[in-house]
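Below: the structure, in structure tokens.
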Amino acid sequence: MSTTAVPPKKVNRIGLEVLNYKGGKTTLCAGCGHNSISERIVEAFYEMGIQPWNVAKFSGIGCSSKSPAYFLGLSHGFNSVHGRAPSVATGAMLANRTMKGIIVTGDGDTASIGIGQFVHLMRRNLPLIYILEDNGVYGLTKGQFSATAEMGSKSKGGVVNDMRKIDCCLLGIELGATLVARSFSGDKKQLQGILKTALHHNGLSVIDIISPCVTFNDHEGSTKSYSYMKEHDLPIHQVDFVPYYEDISIEMADGEVRDVEMHDGSHLRLRKLGRDYDPTNKRNAVRLIEDSEEKGEVATGILYIRPREENFFDQLGLMDAPLATLPESITRPAQSALDMVMEELR
Amino acid sequence: MSTTELTPVGSRQGGTPKKTVNDFSIQVATVNGSGSQTSNTVLMRSIFQMGIPVSGKNLFPSNIQGLPTWFTIRASKQGWVARKKEIDFMVAMNPETAKEDCLSLQPGAAILYDEPLKLNELRSDLHFYPVPFDKLVAPVCPEARLRKLVRNMIYDGVLAQLLGIDMQEIRNALVKQFGAKKAKAADLNWGAVQAGYDFAAQNLTKSDACVVERMNKTAGKIIIEGNAACALGSVFAGCTVVAWYPITPSSSLVETMIVYLKRLRVNKETGEASYAVVQAEDELASIGMVIGAGWAGARAMTSTAGPGISLMSEFIGLGYYAEIPAVIFDVQRVGPSTGLPTRTAQGDTFSNAYVSHGDTKHPILFPGNPEECFTMAIEAFDLSEFYQTPIFVNTDLDLGMNNWMSDPFPYPTQPIQRGKVLNAEELERLGGFARYKDVDGDGVGYRTLPGTNHPEAAYFTRGSGHNEKAQYSERPDDYVNNMDRLSRKFEHMRTKVPAPEVIVNPKASVGILCCGTSLHAAEESRDQLRREYGFETSYYRVRAFPFHAGLEEFIDRHDRVYVVDQNRDGQLYSLIKLDSPPHRIAKLRSVRYYGGLPLDARTVTDEVVLQEGL
């Protein structure tokens with residue numbers, strides 16, 4: 001027996017190292033906000049002890065949609081077609097409801113070509129994490145404005161955007177998403193808390209993450225640059241998450257936190273910062289987003305949550321076992337059933 | 001004007017006309033939304049119940065209420081079920097079209113009509129049967145608001161008397177139509193049928209030749225629409241995810257499927273469903289869900305028509321390239337664009353074979369009758385999962401939405417084939433896998449399903465270039481190797497897809513070739529050519545694309561092969577040409593019909609006669 005103690009490898013509650021949650025080497029630009037988001041996803045899934053091979057990652061087309069290759073390398077991934085990740089994810093989750101699903105898209109995917117699918121995904125409240133890596137610009141085609149770019153913001157070439165923007169969080173709240181959050185790729189702690197909450201949410205989580213494009217949208221006049229966000233980001237609370245398997249009677253005096261119990265007994269704790277904010281009230285959420293915008297601020301945090309809403313699986317009366325692997329004895333009715341139907345048609 | 005004052009054609013020509021037994025067509029002209037569907041179904045079913053082969057075709061507008069619609073019933077002792085071009089007996093219930101309906105008839109045909117229309121003043125070479133519908137309906141239906149719906153039942157009674165349909169069979173068909181729960185409605189309608197019968201017995205003199213006589217040719221048979229047959233096939237294929245968007249003429253496929261799924265695929269104790277049906281926001285989403293579900297291991301399908309396929313084309317290309325099973329029912333209607341949404345065609349034969357950008361090709365199954373809708377639906381799921389690729393089942397409005405006689409469907413004899421899927425134990429033994437490697441020489445790789453409990457199970461699926469290990473690649477050799485494997489896979493299907501139906505006639509130097517519903521006209525046309533012209537033909541019915549190797553042999557055996565298409569451009573003809581060397585192409589001839597009505601035998605016969613110079 002050696003006397004020099006080898007430090008035990010750090011593992012999570014299912015015995016995996018953080019290495020098991022990493023993906024391939026990123027091919028995005030150095031400093032791209034999307035890379036920070038990938039890192040936060042790795043940490044959140046690792047810390048929550050999610051089995052990587054029971055995760056399905058989905059994306060559309062664009063810089064953001066490349067990123068599922070750069071996290072959770074042991075998870076199944078599907079880089080589909082532009083704007084259509086929601087339908088692919090819907091089908092896959094129906095085939096196997098036991099999986100954790102995560103969609104990563106960009107603002108081109110979400111607010112333009114795929115807005116129809118985004119809207120209907122929210123109506124269905126499918127248990128799924130929807131990440132919008134929002135930089136206001138089409139990066140992969142070299143710098144055109146997207147539909148989330150602020151009116152009046154400037155492109156790298158000096159062109160001023162004269163179109164109104166689409167606020168995907170407002171849209172989400174309006175259309176029935178049951179968890180709506182906004183964050184900034186540079187806010188490590190807040191984003192981690194939001195992701196952890198989303199992992200325990202039994203419905204659709206829409207997370208709009210302002211993620212500056214260092215190549216085409218990180219200049220003076222852009223409202224989705226690092227410097228703009230550092231000046232205008234107004235975190236409404238700090239997001240802590242206490243999973244159901246941890247002792248919840250920790251820290252914090254009443255009055256400083258707002259505690260939301262999730263469907264599985266986990267607790268979302270919103271540590272009060274600037275104001276006392278109730279994220280379970282739809283009108284509050286809409287008002288907060290609109291007031292902040294008027295003041296030239298970007299409110300970040302969990303803007304809206306309804307943790308116990310009926311989800312799409314419940315609505316469909318779906319069985320618990322994955323449909324994908326049901327045996328023939330369940331999926332093919334017996335000969336007597338066919339005989340009965342034939343008799344009726346005589 | 002008294003009905004007895006009419007001079008029937010037959011008596012004017014002297015003598016009683018000879019009887020035409022169990023071989024005629026009836027066309028009922030009505031207004032859609034007037035409840036005529038019930039009287040037409042009852043009429044058709046009562047003839048069927050008398051043991052006489054029968055077919056029914058609904059020619060309807062793209063509209064809910066108020067536009068002209070025609071229902072054609074053909075009785076044929078020989079069992080011909082294609083549309084008959086000539087109408088022998090017209091029932092003119094629509095004042096808007098009555099004049100045209102009357103003038104369009106061939107001399108010697110019969111016409112039953114609402115007396116005030118005075119159609120007998122238009123021409124004198126028909127058998128006229130005026131019926132005062134309003135006078136007859138009032139006493140049997142005291143409630144005025146129901147009269148419009150009951151009125152049409154009167155012609156069933158009149159026809160029963162004139163044609164010799166057993167009234168008990170009409171009664172039985174009515175009871176079947178309304179079910180035990182709506183006995184009151186059945187009785188009300190029965191009253192109208194009787195009023196029609198009694199009126200005809202007392203006031204009309206039979207002068208035309210059409211009669212029915214009991215036969216025994218329908219015993220054990222069922223009546224069903226092709227869409228319902230596809231739906232049942234999918235239920236028994238073990239389909240687990242359905243995503244769809246409503247479109248004529250395919251909507252009733254999924255709607256019927258939902259009914260059967262609720263009955264047959266819900267656990268009676270727990271109430272839990274072994275399936276999911278999603279009405280998507282559009283066809284882009286419905287095929288996206290099917291691709292996602294197929295990727296994750298569900299048996300997934302959608303049902304649509306041409307405009308839907310156009311929207312789905314991007315995803316179908318992804319399914320082809322990323323190799324994902326998906327079953328797509330295409331109930332074809334007349335295009336291009338919106339086209340004639342309620343008329344039939346085989347207009348997607350070519351486009352479905354090659355839909356989506358880049359080099360793509362897709363298998364297609366061509367059912368020609370309801371039984372094949374059922375069996376091919378099951379085969380489609382097995383083939384799609386084995387070959388890991390989207391597959392089309394091309395039916396059409398004629399097959400999908402019309403009522404067809406059929407033998408009862410056979411219960412599948414083979415277990416469900418899920419294809420090459422590696423589970424956790426196999427992954428453990430193999431120590432991993434390469435998703436797109438051609439291990440078995442058939443071009444088909446092994447796949448894993450998301451959620452498989454093994455760290456080596458995952459791979460990254462993409463529509464961008466990839467190598468055998470599913471890694472992103474833009475290398476020319478990776479691209480070429482992959483595309484060549486996909487071609488090998490497609491070639492491998494030739495012997496696995498449903499085999500053709502072939503009749504080689506040793507006396508024939510000419511063959512007739514068709515697919516799908518053209519079979520009914522083609523069969524009858526061959527009979528016409530033989531009887532009327534002494535012209536013998538061989539027969540080849542394509543049941544799938546890629547084509548079976550037997551097609552080459554068939555072309556080689558004959559001097560000329562007539563390829564029958566229900567589209568303007570000869571799409572099946574073109575597909576065969578693409579697959580054939582010049583000496584075979586030289587033997588091909590094209591027969592095309594694209595008027596939107598179900599293909600009739602006479603059209604095929606006339607074209608062959610013309611081209612052969614018979």
Side-chain angles (χ1 to χ4, degrees), chain A residues 20 51-58 61 68-69 72-82 84-96 98-99 116-117 119-120 123-124 313 316-320 322-326 328 330-333 335 337-339 341-346, chain B residues 220-224 232 235-238 240-241 243 260 264-267 270-276 278 280-282 284-286 288-300 314-315 318 408-409 411-412 415-416 449-455 457-464 472:
Chain A
N20 299 122
Q51 184 79 266
W53 44 93
N54 203 35
V55 175
K57 314 173 281 186
F58 306 92
I61 295 293
L72 301 181
L74 297 182
S75 303
H76 267 80
F78 196 153
N79 182 195
S80 67
V81 289
H82 201 12
R84 323 285 178 213
S87 61
V88 174
T90 301
M93 298 307 290
L94 291 175
N96 188 345
T98 66
M99 291 189 301
Q117 299 216 337
V119 161
H120 286 272
R123 283 182 70 212
R124 294 191 185 102
F313 301 144
L316 290 170
L318 215 56
M319 57 199 308
D320 293 332
L323 297 181
T325 48
L326 291 178
E328 185 170 333
I330 293 178
T331 62
R332 173 171 283 170
Q335 164 106 50
L338 184 61
D339 294 345
V341 173
M342 291 297 107
E343 192 52 43
E344 290 165 1
L345 293 166
R346 272 180 223 278
Chain B
K221 290 197 188 289
I222 60 168
I223 290 183
I224 192 169
L232 273 173
V235 170
F236 282 84
T240 45
V241 173
Y260 284 120
L264 304 175
R265 294 275 300 277
V266 173
N267 184 314
T270 63
E272 290 176 332
S274 64
Y275 62 88
V278 185
E281 56 269 32
D282 53 32
L284 303 171
S286 58
M289 290 175 195
V290 170
I291 294 284
W295 173 75
R299 296 208 125 186
E314 185 187 26
F315 255 125
L318 173 69
F409 304 154
Y411 191 75
I416 288 172
L449 303 183
T452 303
N453 188 18
H454 197 280
Y459 65 96
F460 202 90
T461 305
R462 42 167 62 89
S464 44
Y472 183 83

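Just so it is clear, the values below take in all heavy atoms, side chains as well, and ignore hydrogens, waters and symmetry mates. Because the structure is a prediction, the values reported are computed rather than measured.
- No side-chain heavy atom of A:Asn79 sits under 4.5 Å from any side-chain heavy atom of B:Tyr472.
- Interface remark: of the candidates A:Lys57, A:His82, A:Arg123, A:Met342, A:Met342 forms the most heavy-atom pairs closer than 4.5 Å to chain B.
- The shortest side-chain heavy-atom distance between A:Val88 and B:Met289 does not fall under the 4.5 Å cut-off.
- Contact annotation for A:Phe58: only side-chain heavy atoms (C-beta onward) come within less than 4.5 Å of a heavy atom of chain B.
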Quick one: do B:Ile222 and A:Glu343 satisfy side chain to side chain contact (heavy atoms under 4.5 Å, CB included)? Show the steps, please.
CA-CA 8 Å; B:Ile222 60 168; A:Glu343 192 52 43; over 6 Å; no
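- With sequence neighbours excluded, the residues forming a side chain to side chain contact (heavy atoms under 4.5 Å, CB included) with A:Leu323 are A:Leu318, A:Met319, A:Leu326, B:Thr240, B:Val241, B:Ala276, listed by chain and number.
- A:Leu338 CG to B:Phe236 CZ: the interatomic distance, rounded to the nearest 0.5 Å, is 4.5 Å.
- Ranked by heavy-atom pairs under 4.5 Å with chain A, the list B:Gly220, B:Pro455, B:Ala237, B:Ser464 is led by B:Pro455.
- Contact check for B:Thr452 versus A:Trp53: no side-chain heavy atoms found under the 4.5 Å cut-off.
- Contact tally against chain B (heavy-atom pairs below 4.5 Å) for A:Asp339, A:Asp320, A:Val119, A:Val55: the top residue is A:Asp320.
- Contacts with chain A were tallied for B:Val290, B:Val278, B:Thr270; B:Val278 has the most, counting heavy-atom pairs under 4.5 Å.
- Contact annotation for B:Leu284: both backbone and side-chain heavy atoms come within less than 4.5 Å of a heavy atom of chain A.
- Neither the backbone nor the side chain of A:Pro52 comes within contact range of chain B; no heavy atoms are under 4.5 Å apart.
- In terms of heavy-atom pairs under 4.5 Å with chain A, the best-connected choice from B:Ala296, B:Gly288, B:Ser286 is B:Gly288.
- No other option in B:Ala243, B:Pro415, B:Ala273 has as many heavy-atom pairs under 4.5 Å with chain A as B:Ala273.
- Looking only at heavy-atom pairs under 4.5 Å with chain A, the residue among B:Gly271, B:Ala300, B:Gly238 that has the most is B:Gly238.
- Remark: A:Arg84 pairs with no residue by the side chain to side chain donor-acceptor pair (under 3.5 Å) rule, at least two apart or across chains.
- Judged by distance alone, the side chain of B:Glu281 and the main-chain N or O of A:His120 form no donor-acceptor pair under 3.5 Å.
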Any chance you could lay out the side chain to side chain contact (heavy atoms under 4.5 Å, CB included) test for A:Leu345 and B:Ile223, step after step, and finish with the verdict?
CA-CA 6 Å; A:Leu345 293 166; B:Ile223 290 183; over 6 Å; no
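- Separating the CZ atom in B:Phe315 from the OG atom in A:Ser87 is a distance of 4.0 Å, to the nearest 0.5 Å.
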Residue pair B:Arg299, A:Thr331: steps toward the side chain to side chain contact (heavy atoms under 4.5 Å, CB included) verdict:
CA-CA 10 Å; B:Arg299 296 208 125 186; A:Thr331 62; over 6 Å; no
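- Side-chain atoms of A:Thr325 and B:Leu449, non-hydrogen and from C-beta on, do get closer than 4.5 Å to each other.
- Counting heavy-atom pairs under 4.5 Å between each of A:Gln335, A:Glu344, A:Gln51 and chain B puts A:Gln335 at the top.
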From CA spacing to verdict: side chain to side chain contact (heavy atoms under 4.5 Å, CB included), B:Tyr411, A:Arg332
CA-CA 10 Å; B:Tyr411 191 75; A:Arg332 173 171 283 170; 3.5 Å; yes
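- Within the 4.5 angstrom heavy-atom criterion, no atom of B:Asn267 approaches chain A.
- The shortest non-hydrogen separation linking B:Ala298 to A:Ala95 is CB-CB, 3.6 Å.
- Within the 4.5 Å cutoff, side-chain heavy atoms of B:Val235 are placed close to those of A:Pro333.
- Separation of atoms NE2 (B:His454) and CG (A:Leu74) is listed at 11.0 Å; rounding is to 0.5 Å.
- Residue contact with chain B, scored on non-hydrogen atoms closer than 4.5 Å, is absent for A:Pro86.
- Comparing A:Thr98, A:Leu94, A:Val81 by heavy-atom pairs within less than 4.5 Å of chain B, the highest count is held by A:Val81.
- Among all heavy-atom pairs drawn from A:Met99 and B:Pro450, the shortest one is SD-CB, 3.4 Å.
- In this structure, A:Asn54 and B:Gly451 approach most closely via the heavy-atom pair OD1-CA, 3.5 Å.
- Chosen from A:Pro322, A:Ala89, A:Ala69, the residue pairing most often with chain B at heavy-atom distances under 4.5 Å is A:Ala69.
- The CD1 atom of A:Ile330 sits 14.0 Å away from atom OH of B:Tyr275, with the distance rounded to the nearest 0.5 Å.
- The closest side-chain heavy-atom distance from B:Phe460 to A:His76 is not below 4.5 Å.
- The main-chain N or O of A:Phe78 is never found under 3.5 Å from a side-chain atom of B:Arg462 such that the two would form a donor-acceptor pair.
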